[in-house]
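Below is one structure, written out as structure tokens, with a few remarks after it.
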Amino acid sequence: MKRFTKKSFASSAIATFVTIIASANIATLPAAAATLASDITSVGFGSLVDQPDITVNDVTYLNKSLAVTRVTANSTNWIFGNFAQPVVTLRRGGYAPADSFGNYNNRQLILSEGIAGLPLTTIKTSQPTTSQAVLSQNNILQGAENIFVNAGNTGAIQELQTDIERADFVFNSGISTSKNLATTIFDRGLFAAHDSFQIAPILSIDSAGNPTSYGSLTSIATGWGSTNLRPGGSPDNNLPYSELTNSTGEFRVVNLVNQQVGGILLPLSSFSNTPTTIYGYSLFAPDVNDNGNSSNLLDWTNSSFFPQNTPNAVGGLDLLSGSGRIAQAVPEPSAILSILMSGCVLAGFKRKYKASAKNLLKSNK
């Protein structure tokens with residue numbers, strides 16, 4: 001009988017642990033979560049999805065997709081999957097910028113990982129439709145090129161500019177800020193020199209999911225991404241990336257760079273010292289200035305706060321697909337052990353209490 005009791009308790013303790021993990025309550029457990037933005041030092045991927053190739057306008061799309069499933073930052077492991085993908089909306093200025101290829105106020109700029117040794121017109125990803133659609137996926141092989149560049153590009157990269165002023169990542173149900181919940185931003189760029197940007201939490205949305213109020217702007221300076229996440233390895237281990245645009249109709253490759261992927265993790269607690277419901281966040285170019293009033297972030301067409309001449313040196317963030325999702329801190333082994341030990345103590349106390357009660361009844365008979 002005693003053996004049965006011990007075995008039953010062991011199963012119960014394990015079941016308790018499994019239930020805690022499966023119920024997505026990881027954020028309630030102790031974890032060494034970062035309190036400020038931290039470089040992502042490793043990344044885990046799902047299985048590579050490989051669909052049949054197609055060729056359109058002399059570009060061969062290999063139709064591959066590689067999702068990010070976990071990251072490590074500040075010596076803490078973080079996993080994805082318990083929160084829905086955010087609704088991504090790129091807010092365009094609507095003004096009439098033009099270059100030698102015409103008006104670019106709705107130009108789509110896409111980047112895709114290529115394969116060394118193959119032509120730059122052979123790219124790993126699928127045929128794109130829009131920058132917004134690309135960013136709405138979870139595929140580290142692709143992204144939006146020069147997302148905030150509005151002016152100044154010349155020569156071979158003249159076409160790589162557009163009129164995007166704000167990038168919204170919205171969660172319609174709202175999320176409570178916590179040090180054990182975070183968002184991640186991935187950029188294709190140079191080792192330890194990834195581009196600057198600004199971010200602000202969305203405090204309210206309307207029925208259509210449009211932001212109606214913001215928290216304070218947080219600036220992330222150039223120089224993050226000191227770990228080469230893809231292809232991984234030494235700081236000079238780069239991959240070829242083709243840059244595409246639809247400036248003349250069908251997408252075509254207009255440039256090639258050899259760079260790598262860097263990532264940064266921002267705990268949601270960095271937006272508020274106390275638990276606060278947010279509905280996502282928006283990214284901004286470094287030159288956006290709300291003059292100390294976050295309501296000025298609402299109208300992205302107002303050039304007083306959103307400059308319409310942001311150059312490549314300022315707005316050149318090459319945002320990768322899968323950015324903006326919510327990650328949860330994985331409890332440390334010590335936290336798991338603490339849960340199991342607590343269960344042991346509680347079960348032992350219950351057994352001792354029952355035995356004492358039984359002996360007391362016997363002595364009173």
Side-chain angles (χ1 to χ4, degrees), residues 45-68 88 90 92 97-150 152-164 167 186-190 195 229-231 237-262 312 315-323:
F45 302 107
S47 299
L48 179 69
V49 178
D50 191 358
Q51 302 293 331
D53 306 351
I54 62 170
T55 299
V56 180
N57 197 32
D58 296 326
V59 180
T60 298
Y61 300 96
L62 301 183
N63 279 325
K64 299 179 187 293
S65 179
L66 188 62
V68 178
V88 181
L90 300 182
R92 295 176 177 271
D99 54 25
S100 298
F101 294 87
N103 186 295
Y104 55 85
N105 67 1
N106 195 36
R107 186 175 293 172
Q108 311 298 322
L109 306 179
I110 308 296
L111 67 89
S112 173
E113 187 177 305
I115 299 176
L118 292 184
L120 58 83
T121 53
T122 298
I123 65 176
K124 287 187 177 180
T125 57
S126 59
Q127 182 184 9
T129 54
T130 65
S131 304
Q132 182 170 297
V134 163
L135 292 177
S136 297
Q137 302 171 37
N138 177 12
N139 182 4
I140 199 69
L141 305 179
Q142 65 183 5
E145 178 76 21
N146 284 354
I147 191 168
F148 295 125
V149 176
N150 308 138
N153 281 353
T154 59
I157 63 170
Q158 179 182 168
E159 297 168 80
L160 299 179
Q161 50 196 6
T162 185
D163 66 335
I164 297 171
F186 297 100
D187 173 63
R188 186 221 64 203
L190 299 173
D195 292 298
L229 300 177
R230 184 161 183 80
N237 186 11
N238 296 318
L239 281 171
Y241 283 89
S242 295
E243 299 168 343
L244 302 90
T245 179
N246 66 343
S247 62
T248 58
E250 288 283 0
F251 280 95
R252 59 192 175 84
V253 176
V254 298
N255 195 42
L256 177 75
V257 298
N258 288 285
Q259 294 183 342
Q260 57 192 246
V261 172
N312 193 18
L317 182 71
D318 301 314
L319 193 63
L320 293 179
S321 169
S323 295

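Quick caveat, the model's predicted, so the values are computed rather than measured.
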Fill in: Set of salt bridge (charged side-chain N to carboxylate O under 4.0 Å, His left out) partners for D195, sequence neighbours left out
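Salt bridge (charged side-chain N to carboxylate O under 4.0 Å, His left out) list for D195, sorted by chain: empty.
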
I need the [X] [atom1] to [Y] [atom2] distance, nearest 0.5 Å.
X    : Y    : atom1 : atom2 : value
D53  : K64  : CG    : NZ    : 7.0 Å
D99  : R107 : CG    : CZ    : 4.0 Å
I147 : L135 : CD1   : CG    : 5.5 Å
L317 : R188 : CG    : CZ    : 10.0 Å
N237 : N258 : CG    : CG    : 10.5 Å
Q127 : Y61  : CD    : OH    : 5.0 Å

Could you check if a side-chain atom of [X] sits within less than 4.5 angstrom of a side-chain atom of [Y], using non-hydrogen atoms only?
X    : Y    : value
L320 : L111 : yes
E113 : I123 : no
L244 : E145 : no
T60  : L118 : no
N105 : P97  : yes
V68  : F45  : yes

Just checking, is any N or O donor in the side chain of [X] or [Y] under 3.5 Å from an acceptor N or O on the other one?
X    : Y    : value
N255 : E243 : yes
Q260 : N238 : yes
S100 : Q158 : yes
E159 : T245 : no

Nearest atoms (heavy-atom pairs only) where [X] meets [Y]:
X    : Y    : answer
L109 : Q161 : CD1-N, 3.5 Å
L229 : G262 : CD1-C, 3.9 Å
E250 : V56  : OE1-CG1, 3.9 Å
Y104 : N150 : OH-O, 2.5 Å
T248 : F101 : CG2-CD2, 3.8 Å
F251 : I110 : CE2-CG1, 3.6 Å

Within the distance-only criterion (no hydrogens, no angle test), does the side chain of [X] pair as donor or acceptor with the backbone N or O of [Y] below 3.5 angstrom?
X    : Y    : value
N139 : L66  : yes
S131 : Q108 : no
S242 : L120 : yes

Item to complete: Go through L62 and T122 one step at a time and tell me if the side-chain contact (heavy atoms from CB on, under 4.5 Å) criterion holds.
Response: CA-CA 7 Å; L62 301 183; T122 298; 4.0 Å; yes

Practice prompt. Tell me, with the steps shown, if R252 and S247 meet side-chain contact (heavy atoms from CB on, under 4.5 Å).
Written response: CA-CA 9 Å; R252 59 192 175 84; S247 62; 3.4 Å; yes

Discussion item. For L160, run the side chain to side chain contact (heavy atoms under 4.5 Å, CB included) check against V254, N312, D318 and tell me which one passes.
Written reply: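 In the set V254, N312, D318, the residue that makes a side chain to side chain contact (heavy atoms under 4.5 Å, CB included) with L160 is V254.
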
Discussion item. Determine whether D58 and T121 satisfy the following criterion, side-chain contact (heavy atoms from CB on, under 4.5 Å), listing intermediate values before the conclusion.
Written reply: CA-CA 7 Å; D58 296 326; T121 53; 5.6 Å; no

